[in-house]
*Asks:* 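Below you will find the structure I want to go over with you.
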Amino acid sequence: MAQIQPAATGPNGVANTASLYVGDLDVNITDSQLYDLFIQAGQVLSVRVCRDLSTRRSLGYGYVNYSNPQDAARALDLLNFTPLNGKPIRIMYSHRDPSIRKSGTANIFIKNLDKSIDNKALHDTFSAFGNILSCKIATDPSGQSKGYGFVQFDNEESAQNAIDKLNGMLINDKQVYVGQFLRKQERETALNKTKFNNVYVKNLSESTTEEDLKNIFGEFGTITSVVVMRDGDGKSKCFGFVNFENADDAAEAVEALNGKKFDEKEWYVGKAQKKYERELELKGRFEQSMKEVVDKFQGVNLYIKNLDDSIGDDKLKELFSEFGTITSCKVMRDPSGISRGSGFVAFSTSEEASRALAEMNGKMVVSKPLYVALAQRKEERRARLQAQFSQMRPVSMAPSVAPRMPMYPPGAPGLGQQLFYGQGPPAIIPPQVIILILFSILLFHFS
DNA sequence: AATGAGCGC
């Protein structure tokens, strides 16, 4: 007898279609907020926002368990994409086995979407083709559509059908592209399969001439032109181009010669890129490098509130120094020099920062319990405030979890912003250091 | 022009 795999499984791997996974949660969403929302669809057995064990920071997802599957189905239908703190939540059946998610099968990519098309509209148009596991419009931090999105179906046929029927169609007067979702790597190899005649070769020794290239590449087919690039004095720039009459020969030459050593130099041999292709690639790499720099400094800054007025920069540093290396530390003051009761502490690593957060948040210092949180970057903060503003509504009567300590209005100017906006104190990393870092990245990647 | 992230007591 064939086993039928359940669509969703509970904690013991037992079929449980009454368990929902709720993702894309704003970090400040609490259990009680989730409860408030999901109780509207039926009897809720339990809710939980998952949190980091040591910092208690929300992981941005949670679970809602209903007592019966119909209620869960209703919740999915009714509540998917409901904004919480201004951020649309994404609901799926709980599925703890990650294999389906990781496989990325039946996943499609849609671009050139009208900005007015939101998650719900996307879901509605694509649900005609099958059962949707997950669906989302890419947005900027304020929630504005970036004009593209993703839909993952539970089977390939539905995905292919959606592609066949909707690719090139007009949606809200815009012609959309609908195609298979491809990871960057896969896209690049697909691109490299396109035919080409012109071959780029680099890392030549200075003495390698056009004649040498002709001899070596000529083995693979007829060459129509060959050039070694040189500077004004005729000195080789150590790269060149070989154009083949036949694209198959060009591909063969690349296959055979890439990575081979000549005069102790390991050649790079590949498809010659057009100027815009090369620019695109460089731009991509640059952005990747920037992201790495930003990530490196992500989570190292703590925002401190409810500081006793008697505490200054030095005392603040002393309070936190046992957790690691402090790279910057500042108590915020008003123009007359009186402490605003808030400040920033930056550590050299995010591990140190999160340990400090866990240990120091709520700790009594002089007269009051400290409030310690990760400092937010300018973008995050702006988007959050905007979201909260657009969300304002009467306070709910839901059962609430008692906070361990007084809650303060969240949010404060983050230290992180100093990294690239370079305004106001306290600067964590001096601008000249940033320029140095960026410059070395450029040198490294663009060579 | 743009090709994601994601599963617990």
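Reckoned from all heavy atoms, side chains included, excluding hydrogens, waters and symmetry mates. Residue numbers begin at 1 in each chain, while the letters A, B, ... track the order of the sequences.
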*Asks:* To the nearest angstrom, how far is A/Tyr148 atom OH from B/dA5 atom C1'?
*Replies:* 13 Å

*Asks:* Can you figure out which of B/dA2, B/dG6, B/dG8 approaches the side chain of A/Tyr21 most closely?
*Replies:* B/dG6

*Asks:* Would you mind reading off the distance between A/Ile117 atom CD1 and B/dA2 atom C1', rounded to a whole angstrom?
*Replies:*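 Going from A/Ile117 (CD1) to B/dA2 (C1'), I get 15 Å.
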
*Asks:* Taking CG from A/Asp97 and P from B/dA5, how many angstroms apart are they, rounded to a whole number?
*Replies:*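 Result: 20 Å.
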
*Asks:* Do any side-chain nitrogens or oxygens of A/Arg101 fall under 4.0 Å of OP1 or OP2 in B/dA5?
*Replies:*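 Answer is no, no contact under 4.0 Å.
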
*Asks:* Is there a donor in the side chain of A/Ser116 and an acceptor in the side chain of A/Asn172, or the other way round, less than 3.5 Å apart?
*Replies:*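 Checked: A/Ser116/A/Asn172 side chains pair up, N/O donor to acceptor below 3.5 Å.
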
*Asks:* Which whole-number value in Å describes the distance from A/Phe153 CZ to B/dG4 C1'?
*Replies:* 16 Å

*Asks:* Let me know the distance between CZ of A/Phe109 and P of B/dG4, rounded to the nearest Å.
*Replies:* 8 Å

*Asks:* Rounded to whole Å, please give me the gap between OH in A/Tyr93 and C1' in B/dG6.
*Replies:*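 Value for this atom pair: 17 Å.
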
*Asks:* Do A/Asp77 and A/Arg74 meet the salt-bridge criterion of a basic N to acidic O distance under 4.0 Å?
*Replies:*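 Between A/Asp77 and A/Arg74 there is no salt bridge, as every charged N stays at least 4.0 Å from the carboxylate O atoms.
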
*Asks:* What is the distance from CG of A/Leu122 to P of B/dT3, rounded to the nearest Å?
*Replies:* 16 Å

*Asks:* Just checking A/Gln152: base, sugar-phosphate only, or nothing, at a heavy-atom cut-off of under 4.0 Å?
*Replies:*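 Base contact - A/Gln152 has a heavy atom under 4.0 Å of at least one base atom.
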
*Asks:* Nearest of B/dG4, B/dG8, B/dT3 to any side-chain atom of A/Arg183?
*Replies:*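 The listed nucleotide nearest to A/Arg183's side chain is B/dG4.
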
*Asks:* From B/dG6, B/dG8, B/dT3, pick the nucleotide closest to the side chain of A/Asn65?
*Replies:*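 The nucleotide sitting nearest to the side chain is B/dG8.
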
*Asks:* Could you list by number each residue of residues 126-139 of chain A showing a heavy-atom separation from DNA chain B of less than 4.0 Å, or answer none if no residue does?
*Replies:*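 Listed by number, they are A/Ser134, A/Lys136.
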
*Asks:* Does the plane of the ring in A/Phe347 sit parallel, tilted or perpendicular to the ring in A/Phe323? Use 30° and 60° as the thresholds.
*Replies:*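 Judged by the thresholds at 30° and 60°, the geometry between A/Phe347 and A/Phe323 is perpendicular.
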
*Asks:* A cation-pi test, strictly: NZ or CZ of A/Lys111 under 6.0 Å from the centre of the six-membered ring of A/Tyr177 and no more than 45 degrees from its axis. Yes or no?
*Replies:* yes

*Asks:* For the residue pair A/Phe344 and A/Tyr303, does the interplanar ring angle fall in the parallel (under 30°), tilted (30 to 60°) or perpendicular (over 60°) class?
*Replies:*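 Geometry flag for A/Tyr303 against A/Phe344: tilted rings.
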
*Asks:* Just to be sure I understand the rule, does A/Gly147 reach a base, reach only the sugar-phosphate, or reach nothing, if contact means heavy atoms closer than 4.0 Å?
*Replies:*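 Here A/Gly147 touches the bases of the nucleic acid.
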
*Asks:* Out of B/dA1, B/dG8, B/dT3, which nucleotide sits closest to the side chain of A/Tyr177?
*Replies:* B/dT3

*Asks:* How are the rings of A/Phe129 and A/Phe126 set relative to one another: parallel (under 30°), tilted (30 to 60°) or perpendicular (over 60°)?
*Replies:*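 A/Phe129 and A/Phe126: tilted rings.
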
*Asks:* Go nucleotide by nucleotide along DNA chain B from the 5' end; which of A/Phe181 and A/Val47 gets its closest nucleotide reached first?
*Replies:*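 Upstream on the strand: A/Phe181.
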
*Asks:* Are more than 12 heavy atoms, taken from residues, nucleotides or ligands other than A/Leu53, located less than 6.0 Å from that residue's CG atom?
*Replies:* no

*Asks:* Hey, is A/Tyr61 stacking on B/dG6? Ring centres under 5.5 Å, planes under 30°.
*Replies:* no

*Asks:* Tell me the interatomic distance from A/Lys146, atom NZ, to B/dA1, atom P, rounded to whole angstroms.
*Replies:* 16 Å

*Asks:* For the side chain of A/Asp24 and the base of B/dA5, is some donor closer than 3.5 Å to an acceptor across the two?
*Replies:* no

*Asks:* State yes or no: are the ring centers of A/Tyr93 and A/Tyr21 separated by less than 6.0 Å?
*Replies:* no

*Asks:* Which is true for A/Asn107 with a 4.0 Å heavy-atom rule: it touches a base, it touches only sugar-phosphate, or it touches nothing?
*Replies:* base

*Asks:* With a 4.0 Å cutoff (strictly under), does any side-chain N or O of A/Arg187 reach OP1 or OP2 of B/dT3?
*Replies:* yes

